[in-house]
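Here is the naming used below: chain letters follow the sequence lines, and residue numbers restart at 1 for every chain.
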Amino acid sequence: MLRVLRIIAEQVAEHDMDSLQLISDLRSTLEEQIARAQQIRALPAAQLLHRPAPEQWNTLEVFEHMNLSSGIYLRNLREVFDRKAVKLKFNAVFTPGRLGAYSVKSMTPRADGTIPLRMKTLGKFEPRKLDGASSGSIDRFVTMCEGFLALLERSEHTDLNAMKVASSLGPIVRFRAGDAFRFPVAHQVRHFRQIERVLRSAR
Amino acid sequence: MHIVRRTMERYVTLRDEDWHRIAPAWKEHAFSKGSHVCRVGEVEQRFYIVDSGVQRMSFPHDGEDLCVGFSYDHSWSGAYDSFVSRKPSRFDILAITDSVLWGIEHGALQELYSELPVMDRFGRLILEELIQGRATREIEQLSLSAEERYDRLVKRSPHLLQLVPQKDIASYLRMTPETFSRLRAKRS
């Protein structure tokens, strides 16, 4: 609990953002992740299956974990976009919500590389308790990121503040659409660091 | 030598120029323990050669998974009947250990069959082998006692007992897990 309070205390209020800049930043991060995922897909299978320790994820399981968690945001964003996006006018400013700002912050590594809030993975995001992971997990990850990119395209004509998107915790905890992009992308950045660590340990 | 070439050359001799045509069609796929190579209801996209790991072939029946076989090092894997019929698979193929498989897609295999006589021959020879395997298993299923089925398996694939959970082997031998562990205790 103390740790959580410290994280909230260390949090600086997030300022308004230029929507187009935000969209462009998210887009380049996703494109980098797609390119890296495709390189990783071509690595030897034995390397993709390598576990740094018996209880830790291999590279494929990290990808599947991202599919399980980001997939919820992509589905929920799509659903809200289809219902509302065309009815809204473009808003050049995005103001992160309190919850969104906090969640993204807790995902983003500090300057010294440490992670503010380490979490135990919930069962519904644990590939080993579900359907496992395979090379196909990387293919599905790429398709999913392309899904986010397609929605970002549409984001240039709508309002990322006005649309509310259910989080992976359910409809009670909702993000502004802008945060519903920022959070999964930040979560993926964090897991790409883990992937690079896992792959390095396989050599 | 490449695992795919080595496996194919158990059946046919490949000239280097054949191999250069064949090799790009085979791709490596990794399956973590617990993931499905193919699921009931999906159309099997590939025919696989196993590089490493063990996979279980089963089908759901009355709330249970009935195990019909295993694939492991240098054998074939995947839901072959769905692969050839292009109809939804009636079988689940599950990686029960981390597995590396080399797979070829249906279209690519058909192309190679029509272009290279040696591929066509390879296809025929593995089918002939699969049919002999089926025939043997049918006779064993219908005529051997539980005890004899157990002994055959131990003789033919002793390493399976180390690699595969007991309940899967028991299901494969069509006996209860209790009968299986009794037999096992008796034999050791």
Worksheet item: Given that the side chain runs from C-beta out, which part of B:S99 has a heavy atom under 4.5 Å from chain A: side chain, backbone, both or neither?
Response: backbone

With a sphere of 6.0 Å drawn around [atom1] of [X], does it hold more than 12 non-hydrogen atoms of other residues, nucleotides or ligands?
X      : atom1 : value
B:H159 : NE2   : yes
B:R6   : CZ    : yes
A:I172 : CD1   : no
B:R174 : CZ    : no
B:K33  : NZ    : no

Discussion item. So which atom in A:R51 and which in B:D98 form the shortest heavy-atom distance, rounded to 0.1 Å?
Written reply: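 Heavy atoms only, the tightest pair is NH2-OD1, 3.6 Å.
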
Discussion item. Looking at every heavy atom in both B:E28 and A:R41, which two are closest together, and how far apart are they?
Written reply: O-NH1, 3.9 Å

Worksheet entry | Part of A:L60 within contact of chain B (heavy atom distance under 4.5 Å) |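 Side chain of A:L60 only, per the 4.5 Å heavy-atom cut-off to chain B.
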
Worksheet item: What part of A:N58 is in contact with chain B, defined as an atom under 4.5 angstrom from a non-hydrogen atom: side chain, backbone, both or neither?
Response: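 For A:N58, the contact with chain B is made by the side chain alone.
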
Fill in: Sidechain-backbone polar pair: A:S134 side chain, B:F31 backbone, donor-acceptor under 3.5 Å
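No, A:S134 side chain to B:F31 backbone: no donor-acceptor pair under 3.5 Å.
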
Item to complete: For each of A:P127, A:A46, A:S135, A:A42, tally heavy-atom pairs with chain B at distances under 4.5 Å, and name the one with the top tally.
Response: A:S135

Discussion item. For chain B, which candidate among A:A45, A:G132, A:P44 shows the most heavy-atom pairs at distances under 4.5 Å?
Written reply: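 Sorted descending by pairs with chain B, the first entry is A:A45.
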
Fill in: Pick from B:L101, B:V100, B:L94 with the largest number of heavy-atom pairs that fall under 4.5 Å of chain A
B:V100

